[in-house]
Amino acid sequence: MDFVRGLWRNHRRKILVTTGCLGSGYLLYRLYNSHTRRLADLQRQLANDREHDENIKAQMKAHFENIQMIVDSTTLPHAMQCLSICIREEIDVSSVMERLNKGKGMLSQSEKLHLWDELKILSFTRMVLSLWSVTMLSLYIRVQVNILGRHLYVDTARALDTSSHLLEELDLIDRDDEQKFLSSADFLVTNAMPSLISNMQSAVSEVLKGMQLKDVITTRVLQETLSRIVDEFMCTGSPHHWVDYLMMPQDAKLSRNTSVGSSDETVSKFHQLMVETREVLTSTEFTDIVEISLKCFTDALVEEMETQSIAGGLATGMPLAKMLPQIEKIIPVITAEPGKNRFLQVIREMSQVQIFFTLLYASMPQ
């Protein structure tokens, strides 16, 4: 016992220091061990989150690609067929051509010139109207389907993450909303076409004013002429006036689509989709896409007409009177179904267009 006391007196400081070091070391070990476990847990959580995010991105990418396929294989072909029939019926040049053919040797010079001038205006109106309508309708339907597809994807994800007793509280898009929203793309053909034709014809008459049948039309002249007609039409009227050819005025949507027995929620959801669509169409980004697409279509159309012109007549120049029959031959090519329409394919493959619709689909609904 005396030995222990002596040892303590002689080595008390060393013992205290050693004990303190051992205690501190043990405490540091425990802290390090705890920190290591938390770090490992955090790394596992981050890895799981990354895997979850990658799965979501992969699912959204697959769903986005499926949406684009639906547009090209189902929605757009139906719309293009209806549009082609409507343009053919609403702008009939065959009667003017028949009067010219039957009146050979019987019509006065002034009568012939009047008919040829009428044919000139109708032919260019039909061509530019087809170019504009095909471009705009294809872009509009793609906007619609991407907005709807994104909403349906988010609704599905929310439903999967929501308990059954809360599911009924979610404001989901029902089948009736979906059908009414998609069928609204028929507005151009069923409602807006007479007004569109009238205003497009006014733009054509303004640009072609003074152009004679004997005037030589080259590739460059045709390209400039088509661009001027499109610009004249797009710039005449209030900003974004052309949106009203694609969808009904905003203040008429609810009254037109409200029916007996329809709930306020149904009308509200449909109204929300239409308002969101109009916001996209009137955005600066979409306006840029419209300008790029119309220019791209115009350039491709002139190139196609140059290729199809007899003996390369358009490249070296041909009288306007001889070019009018070439216009009639190109109309079915412009309004061809999407799978065979090279103009729509050129627009669809433009990087600006692809980026725009990718961002549109990826943006979360409010």
Test side-chain contact (heavy atoms from CB on, under 4.5 Å) applied to Leu222 and Met323, step by step: CA-CA 10 Å; Leu222 178 60; Met323 195 190 72; 4.0 Å; yes
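- Each salt bridge (charged side-chain N to carboxylate O under 4.0 Å, His left out) pair with one or both residues in residues 212-221, not counting sequence neighbours, appears once here: Arg220-Glu224.
- Within the 4.5 Å cutoff, the side chain of Ile292 has no heavy atoms near those of the Val353 side chain.
- Relative ring orientation between Phe356 and Phe286 is described as tilted, the plane-to-plane angle lying within the 30° to 60° band.
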Worked check of side-chain contact (heavy atoms from CB on, under 4.5 Å) between Leu320 and Gln212: CA-CA 7 Å; Leu320 175 59; Gln212 304 297 318; over 6 Å; no
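- Of all the heavy atoms in Trp242 and Leu281, the pair that sits closest is CH2-O, 3.5 Å.
- Salt-bridge check for Asp231 with Arg228: failed, with every basic side-chain N at 4.0 Å or more from each acidic carboxylate O.
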Give every donor-acceptor pair under 3.5 Å between a side-chain atom in residues 128-136 and any protein atom, sequence neighbours left out.
unit_1	atom_1	unit_2	atom_2	d
Ser130	OG	Arg126	O	2.7
Ser133	OG	Leu129	O	2.8
Thr135	OG1	Leu131	O	2.8

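- Summarising the geometry, atom OG belonging to Ser84 is positioned 9.5 Å from atom CD belonging to Glu89; distances are rounded to the nearest 0.5 Å.
- Scanning all heavy atoms of the two residues, the minimum distance from Leu344 to Ser138 falls at CD2-OG, 3.5 Å.
- With hydrogens and angles ignored, the 3.5 Å screen pairs a side-chain donor or acceptor of Glu111 with a backbone N or O of Ser108.
- Atom CD of Glu98 and atom CG of Asp92 lie 9.5 Å apart (nearest 0.5 Å).
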Taking it one step at a time, do Tyr245 and Asn199 satisfy side chain to side chain donor-acceptor pair (under 3.5 Å)? CA-CA 11 Å; Tyr245 297 117; Asn199 291 327; 2.5 Å; yes
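- Side-chain contact check for Val96 versus Trp116: every heavy-atom pair is 4.5 Å or farther apart.
- Partners of Ser184 by side chain to side chain donor-acceptor pair (under 3.5 Å), not counting sequence neighbours, listed by chain and number: Gln144.
- Under a 3.5 Å cut-off, the side chain of Lys120 and the backbone N or O of Met211 do form a donor-acceptor pair.
- Under the 3.5 Å distance criterion, the side-chain polar atoms of Asn146 are left unmatched by any main-chain donor or acceptor of Leu360.
- Within 6.0 Å of the CD atom in Gln81, the count of heavy atoms belonging to other residues, nucleotides or ligands does not exceed 12.
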Begin with the C-alpha distance, continue with both residues' side-chain angles, and end with the deciding distance and a verdict on ring pair (Phe, Tyr, Trp, His ring centres under 6.0 Å) for His241 and Phe233. CA-CA 10 Å; His241 69 93; Phe233 170 76; 5.7 Å; yes
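- Gln352 approaches Ile289 most closely through the heavy-atom pair O-CD1, 3.5 Å.
- Each side chain to side chain donor-acceptor pair (under 3.5 Å) pair with one or both residues in residues 280-293, not counting sequence neighbours, appears once here: His240-Thr287.
- Scanning all heavy atoms of the two residues, the minimum distance from Ile334 to Asn341 falls at O-ND2, 2.8 Å.
- Of all the heavy atoms in Glu303 and Arg342, the pair that sits closest is OE2-NH2, 4.0 Å.
- With respect to the salt-bridge test (charged N to carboxylate O, under 4.0 angstrom), the residues Arg278 and Asp244 qualify.
- Rounding to the nearest 0.5 Å gives a distance of 7.5 Å between OG of Ser123 and CE of Met97.
- The six-membered or imidazole ring of Tyr140 lies away from that of Phe187, with a centre-to-centre distance of 6.0 Å or more.
- Residues that satisfy the side chain to side chain donor-acceptor pair (under 3.5 Å) test with Gln223, not counting sequence neighbours, are Asp299.
- Between Arg99 and Leu107, the closest side-chain pair of non-hydrogen atoms is not below 4.5 Å.
- Counting heavy atoms from C-beta on, the side chains of Met80 and Leu83 come closer than 4.5 Å.
- For residues 351-361, the set of pairs meeting the salt bridge (charged side-chain N to carboxylate O under 4.0 Å, His left out) definition, not counting sequence neighbours, is empty.
- When side chains are defined from C-beta on, Glu90 does not count as touching Ile87, because their heavy atoms never get closer than 4.5 Å.
- Panel note: side chain Asp117, backbone Leu113; no donor-acceptor pair is recorded below 3.5 Å.
- Counting only N and O atoms by type, the side chains of Ser351 and Gln354 include no donor and acceptor under 3.5 Å apart.
- Put simply, the side chain of Thr225 gets close to the backbone of Val221: a donor and an acceptor are under 3.5 Å apart.
- Residue Glu337 holds its CD atom at 10.5 Å from CG of Leu76, rounded to the nearest 0.5 Å.
- For the pair Lys180/Met274, no side-chain contact is recorded, criterion being any heavy-atom separation below 4.5 Å from C-beta on.
- Between the side chains of Glu349 and Gln345, a donor-acceptor pair is found at a separation under 3.5 Å.
- Within the 4.5 Å cutoff, the side chain of Thr277 has heavy atoms near those of the Phe181 side chain.
- The OG atom of Ser94 sits 9.0 Å away from the CD atom of Glu328 when rounded to the nearest 0.5 Å.
- Between the CG atom of Leu115 and the OG atom of Ser110 there is a distance of 9.5 Å, given to the nearest 0.5 Å.
- Between Lys112 and Leu100 the shortest heavy-atom distance is O-CD2, 4.2 Å.
- Using a 3.5 Å distance cut-off with no hydrogens or angles, the side chains of Thr125 and Gln201 do not pair a donor with an acceptor.
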Would you please test Ile331 and Arg88 for side-chain contact (heavy atoms from CB on, under 4.5 Å) and show each step? CA-CA 9 Å; Ile331 301 298; Arg88 185 169 63 247; over 6 Å; no
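- Side-chain contact check for Phe297 versus Val346: every heavy-atom pair is 4.5 Å or farther apart.
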Check the pair Ser202 / Glu206 against side-chain contact (heavy atoms from CB on, under 4.5 Å), numbers first and verdict last. CA-CA 6 Å; Ser202 296; Glu206 178 64 27; over 6 Å; no
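- In the hydrophobic clustering of ILVMFWY residues, with side-chain heavy atoms under 4.5 Å counting as a link, Leu137 and Met350 come out together.
- Under 4.0 Å is where a charged nitrogen must lie from a carboxylate oxygen, and between Glu304 and Lys329 no such pair does.
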